[in-house]
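If you're wondering where the values come from, they're calculated on a predicted model, not measured in any experiment.
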Amino acid sequence: MILETQRLYLRQLQESDAKRMSEYRCKEEVAKYQSWKKYTIEDATKRIQHCLTITSFNKPKSDYHLAIILKENDEMIGDLFVEVVNHKVFVLGYTLDSLYWSLGYATEIVTAFLEYMKEVYKFKKAICYVYRDNIRSKKLLKKLHFVKFDESYYYDDEGYVKKI
């Protein structure tokens, strides 16, 4: 386990997570705000295998996913994506199963993870990119005091940054 909150914990992905990861990432309402249309078990397995090779969570130019687990039943409800830009900055993404939207889980895990990255690895800044029409995600970032710094018409997304 990497970190724990009141209702959730965060851990490294396991090969046994592939089916579950594919299930929620394939939902139309989830994929709408991501770079994929379909996310197969093979896609999940390949990504998990990559993540299992990661030995350090703060190595520049590395990227990985972590599993978001609901404590009450040990169910994987989503994942965090982390791309380490340099020793001070990382990019953060999050994907939750739509069954768990609007219940405060994203706020809970993102808040805890930002604190973890600051305290354990001494990161100074987090960046998130969201599609322009992803109102829930933009609302979350603003609630957590991220500030819009960029927008891309090519990708139809916006960049948000927060000093941590």
Give a yes or no on whether the backbone of [Y] and the side-chain of [X] come within a donor-acceptor separation of less than 3.5 Å.
| X | Y | value |
| --- | --- | --- |
| Ser137 | Asn134 | no |
| Ser22 | Ala18 | no |
| Ser98 | Glu29 | no |

Could you walk me through whether Phe146 and Val130 pass the side chain to side chain contact (heavy atoms under 4.5 Å, CB included) test, one step at a time?
CA-CA 12 Å; Phe146 278 78; Val130 296; over 6 Å; no
A side-chain contact here means heavy atoms from C-beta on lying under 4.5 Å apart; do [X] and [Y] qualify?
| X | Y | value |
| --- | --- | --- |
| Lys125 | Lys162 | no |
| Asp133 | Lys32 | yes |
| Met1 | Leu10 | no |
| Tyr121 | His87 | no |
| Glu158 | Tyr129 | no |
| Lys138 | Tyr160 | yes |
| Ile109 | Leu3 | yes |
| Asp17 | Glu15 | no |

Could you grab the distance from atom [atom1] of [X] to atom [atom2] of [Y], nearest 0.5 Å is fine?
| X | Y | atom1 | atom2 | result |
| --- | --- | --- | --- | --- |
| Arg136 | Ser102 | CZ | OG | 4.5 Å |
| Leu13 | Gln49 | CG | CD | 11.5 Å |
| Met117 | Ile2 | CE | CD1 | 9.5 Å |

Check this for me: Lys148, atom NZ, are more than 12 non-hydrogen atoms of other residues, nucleotides or ligands nearer than 6.0 Å?
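Counting other residues, nucleotides and ligands, NZ of Lys148 exceeds 12 neighbours.
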Heavy-atom neighbours of Lys163 NZ exceed 12 at 6.0 Å
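At most 12 heavy atoms, drawn from other residues, nucleotides or ligands, come within 6.0 Å of this atom.
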Taking a hydrophobic cluster as the set of Ile, Leu, Val, Met, Phe, Trp and Tyr residues connected by side-chain heavy atoms closer than 4.5 Å, whether directly or through intermediates, do [X] and [Y] fall within one such cluster?
| X | Y | value |
| --- | --- | --- |
| Leu144 | Trp101 | yes |
| Ile164 | Leu140 | yes |
| Val120 | Ile54 | yes |
| Met21 | Leu99 | no |
| Leu8 | Met76 | no |

Would you check, one step at a time, whether the test side chain to side chain contact (heavy atoms under 4.5 Å, CB included) holds for Phe90 with Leu92?
CA-CA 6 Å; Phe90 67 96; Leu92 178 63; 3.9 Å; yes
Taking the six-membered ring for Trp, are Tyr131 and Tyr33 ring centroids under 6.0 Å apart?
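So the answer is no for these two rings.
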Answer yes if the ring centres of Phe57 and Tyr64 are under 6.0 angstrom apart, and no otherwise.
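Yes, the ring of Phe57 comes within the 6.0 Å limit of the ring of Tyr64, centre to centre.
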Which atom pairs, donor and acceptor, lie under 3.5 Å between side-chain atoms of residues 66-75 and protein residues at least two apart or in another chain?
unit_1 : atom_1 : unit_2 : atom_2 : d
Lys71  : NZ     : Glu4   : OE2    : 2.8
Lys71  : NZ     : Thr5   : O      : 2.6
Lys71  : NZ     : Gln6   : O      : 3.4
Asn73  : OD1    : Glu75  : N      : 3.0
Asp74  : OD1    : Tyr9   : OH     : 2.8
Glu75  : OE1    : Tyr100 : OH     : 3.0
Glu75  : OE2    : Arg20  : NE     : 3.3
Glu75  : OE2    : Arg20  : NH2    : 3.2

List, one per line, each side-chain donor-acceptor pair under 3.5 Å for residues 79-86, sequence neighbours excluded.
unit_1 : atom_1 : unit_2 : atom_2 : d
Asp79  : OD1    : Arg25  : NH2    : 2.7
Asp79  : OD2    : Tyr24  : OH     : 2.5
Asp79  : OD2    : Arg25  : NE     : 3.1
Asp79  : OD2    : Arg25  : NH2    : 3.4
Asn86  : OD1    : Lys88  : N      : 2.8
Asn86  : OD1    : Val89  : N      : 3.0

Contacts of Lys122 that satisfy salt bridge (charged side-chain N to carboxylate O under 4.0 Å, His left out) - sequence neighbours left out:
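For Lys122 there are no salt bridge (charged side-chain N to carboxylate O under 4.0 Å, His left out) partners, ignoring immediate neighbours.
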Does a donor on one side chain and an acceptor on the other come within less than 3.5 Å for Thr95 and Gln34?
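Judged by distance alone, the side chains do pair up.
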Salt bridge (charged side-chain N to carboxylate O under 4.0 Å, His left out) between Asp63 and Arg47: does it pass, once the steps are laid out?
CA-CA 10 Å; Asp63 64 83; Arg47 186 62 192 162; 2.4 Å; yes
Taking it one step at a time, do Gln12 and Cys51 satisfy side chain to side chain contact (heavy atoms under 4.5 Å, CB included)?
CA-CA 8 Å; Gln12 287 187 273; Cys51 293; over 6 Å; no
Please walk me through it: do Lys19 and Glu23 pass salt bridge (charged side-chain N to carboxylate O under 4.0 Å, His left out)?
CA-CA 6 Å; Lys19 182 175 185 243; Glu23 285 172 357; 3.4 Å; yes
For a quick test of reading the model, state the closest non-hydrogen atom pair linking Lys143 to Thr107 and the distance between them.
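It is NZ-OG1, 3.8 Å.
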At their closest point, which heavy atom of Ser56 faces which heavy atom of Asn58, and how far apart are they?
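That would be OG-OD1, 2.5 Å.
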Hey, mind stepping through Asp157 and Arg132 against salt bridge (charged side-chain N to carboxylate O under 4.0 Å, His left out) and telling me if it holds?
CA-CA 5 Å; Asp157 67 358; Arg132 193 170 282 117; over 6 Å; no
